Protein chains: 2
Amino acid sequence: MKNSRQNTAAQILDSLKNDIISGEFLPMQKLHIKTLKEKYNVGTSPLREALSQLMAKDLVVSKNQRGFYVSDISIEDLTDIYQTRAKIESLCIEMSIDKGDDYWEANVIAASHRLNKYSKQEAIDIDEWQSRHGEFHEALVAGCMSPRLFQIRSSLIEKSKRYRSLWLRENVSDAATLSINQNEHAALMILALERDKKAVSKLIEEHIMTPVEIIKKSLSQL
Amino acid sequence: MKNSRQNTAAQILDSLKNDIISGEFLPMQKLHIKTLKEKYNVGTSPLREALSQLMAKDLVVSKNQRGFYVSDISIEDLTDIYQTRAKIESLCIEMSIDKGDDYWEANVIAASHRLNKYSKQEAIDIDEWQSRHGEFHEALVAGCMSPRLFQIRSSLIEKSKRYRSLWLRENVSDAATLSINQNEHAALMILALERDKKAVSKLIEEHIMTPVEIIKKSLSQL
DNA sequence: TATTTTAAAAATGTCGACATTTTGACATTA
DNA sequence: TAATGTCAAAATGTCGACATTTTTAAAATA
């Protein structure tokens with residue numbers, strides 16, 4: 001029963017990360033070693049190693065002799081995260097347009113179709129929609145071919161998801177209203193296929209910044 | 001003697017990181033726990049926590065039951081790192097140009113002057129020159145005002161320094177020849193002050209990519 | 001000789017224990 | 001009441017020990 005290809009820290013890392021991103025652990029919340037050990041059924045060392053990795057990713061902070069805490073959020077950080085994310089996404093797409101081949105185009109069209117069809121459905125499962133939405137944006141940037149830039153993109157998405165999760169907790173009902181702006185998605189696809197870098201850049205930055213004001217409001221009420 | 005404001009992991013983190021970036025620990029080199037414990041005078045847990053943080057920063061990798069290793073380098077990664085770094089730097093400067101005020105301008109001029117004066121000296125200490133060089137580029141991007149983007153920039157610089165360090169080890173003598181291209185620096189300053197985003201972007205990307213071919217050569221000989 | 005087997009040595013990852021520090025509850029003082 | 005002090009309870013960070021696994025080196029086999 002002691003076998004596994006991964007060590008214990010690696011095994012719990014994703015769960016722990018998700019529990020932070022999903023908002024199960026709230027910003028500034030203390031992460032008690034004892035509680036976490038019980039929750040994830042691990043010992044001190046692997047747990048602290050996992051927390052150390054999340055520290056390096058800015059999801060967790062530690063104060064000496066005072067333990068670990070979920071890192072704080074703020075309106076300034078919200079804005080900065082989304083703005084940076086917008087710039088990076090724009091960069092990725094521009095590079096995609098420069099380098100993307102027929103297969104990239106085809107995948108964009110396919111992903112757009114999947115998202116579009118689902119958006120027009122009657123009963124929309126928000127998880128499924130988010131999945132297709134994410135895949136469409138990923139298809140757009142997939143031509144960029146820079147592992148490091150993708151990595152940067154992913155880490156920013158992770159961080160922005162934290163804010164989105166917190167907002168979702170407060171507004172479960174009309175979650176779908178957040179960004180089911182199918183017109184923008186269609187426009188993004190068309191402009192990308194036309195290789196109109198300037199126009200795509202402008203539109204994608206606006207698209208990504210859309211939820212910021214809504215989340216800001218919900219955030220400032222806490 | 002047990003007092004300190006930081007915990008042990010945090011205390012050794014910078015040393016460990018620098019020893020990797022400076023190339024004292026070579027790519028793929030095994031990082032023996034026992035050896036490191038003796039070198040940094042720490043116990044197992046803090047050491048492993050520091051290594052965990054470096055794992056999250058892609059400077060270290062671990063294989064289960066086979067320990068930690070300095071992460072590998074490659075020509076593909078070299079290119080990707082520098083290209084990404086060039087794009088990010090360009091983005092930072094463009095934002096600086098959008099937002100920079102009189103103080104930003106003044107600091108750019110000052111940093112440029114310090115670098116320029118030193119570059120014309122007889123005996124150039126490479127460390128001092130690198131310091132002034134780094135400060136000049138930092139002054140250029142300082143107007144951007146995005147903590148997250150700065151963070152991304154820093155982590156890319158760290159990673160690119162690893163490649164530069166390895167190159168320096170092989171070519172200590174004419175190290176100064178690498179990038180003492182004072183004309184480009186002067187041009188960067190002038191274009192930035194003229195707020196010519198397009199021209200600065202183009203030049204900074206070229207400027208950053210300059211050493212890539214040289215390092216590539218030196219790397220492919222290993 | 002070259003390959004496989006075997007056993008000893010070394011190293012890793014995890015746990016529990018403990019010294020030190022922080023926290024929280026209660027009593028004391030102003 | 002509010003502020004300060006006291007002290008037990010709780011939590012943290014570090015260490016050493018140990019079960020497992022990997023590595024190394026020598027012996028056995030083909």
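All figures in this text were calculated on a predicted structure; none of them were measured in a lab. A, B, ... follow the sequence lines: proteins, then strands. Residue 1 opens every chain.
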Salt bridge or not between [X] and [Y]? Use side-chain N to carboxylate O under 4.0 Å.
X        : Y        : value
A/Arg148 : B/Asp58  : yes
B/Lys217 : B/Glu213 : no
A/Lys57  : A/Glu158 : no
B/Glu94  : A/Lys87  : no

Polar-atom pairs under 3.5 Å, protein N or O versus N or O of nucleotides 5-7 of chain D: list them with distances, or write none.
none

Within this structure, what is the [atom1]-to-[atom2] distance between [X] and [N], rounded to whole angstrom?
X       : N      : atom1 : atom2 : answer
A/Phe68 : C/dT22 : CZ    : P     : 16 Å
B/Asn64 : D/dA19 : CG    : P     : 19 Å
B/Leu31 : C/dG13 : CG    : C1'   : 16 Å
A/Ile33 : C/dC15 : CD1   : C1'   : 14 Å
A/His32 : D/dG13 : NE2   : C1'   : 16 Å

Subject >> Within residues 45-63 of chain B, residues whose heavy atoms come under 4.0 Å of DNA chain D >> reply: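 Per residue number, the list reads B/Ser45, B/Pro46.
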
Original post:
Can you name the one residue among B/His185, B/His207, B/His113 that meets ring pair (Phe, Tyr, Trp, His ring centres under 6.0 Å) with B/Phe136?
Top reply: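 Single pass found, and it is B/His185.
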
Subject >> Positive for side-chain hydrogen bond (donor to acceptor under 3.5 Å, both in side chains) with A/Tyr40, one of A/Asp19, A/Thr35, A/Thr8 >> reply: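 With A/Tyr40 as partner, side-chain hydrogen bond (donor to acceptor under 3.5 Å, both in side chains) holds for just one option, A/Asp19.
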
Just the table, please: protein N/O against nucleotides 23-25 of chain C N/O, every pair under 3.5 Å.
none

Original post:
Under 3.5 Å, is there a donor-acceptor pair between the side chain of A/Ser90 and the main chain of A/Ala86?
Top reply: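 Answer holds: no.
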
Subject >> Donor-acceptor contact below 3.5 Å, side chain B/Ser52 vs main chain B/Arg48 >> reply: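 Answer holds: yes.
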
Subject >> Shortest non-hydrogen contact between A/Ala50 and A/Ala9, atoms and distance >> reply: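 Closest heavy-atom pair between A/Ala50 and A/Ala9: CB-O, 3.9 Å.
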
**OP:** Measure across B/Arg162 and B/Ser71 and return the closest heavy-atom pair with its distance rounded to 0.1 Å.
**Re:**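 Closest heavy-atom pair between B/Arg162 and B/Ser71: NH2-O, 2.5 Å.
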
**OP:** Taking only the side-chain heavy atoms of A/Lys34 (C-beta and beyond), determine which of D/dG13, D/dA11, C/dT14 contains the nearest atom.
**Re:**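 The answer is D/dA11.
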
Subject >> Closest listed nucleotide, where the reference is the side chain of B/Asn7 and the choices are D/dT12, D/dT14, C/dG13 >> reply: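 Given the options D/dT12, D/dT14, C/dG13, the side chain of B/Asn7 is closest to D/dT14.
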
**OP:** Would you sort out whether A/Ser131 and A/Glu135 count as a side chain to side chain donor-acceptor pair (under 3.5 Å), showing the intermediate values?
**Re:** CA-CA 6 Å; A/Ser131 165; A/Glu135 281 161 17; 3.3 Å; yes

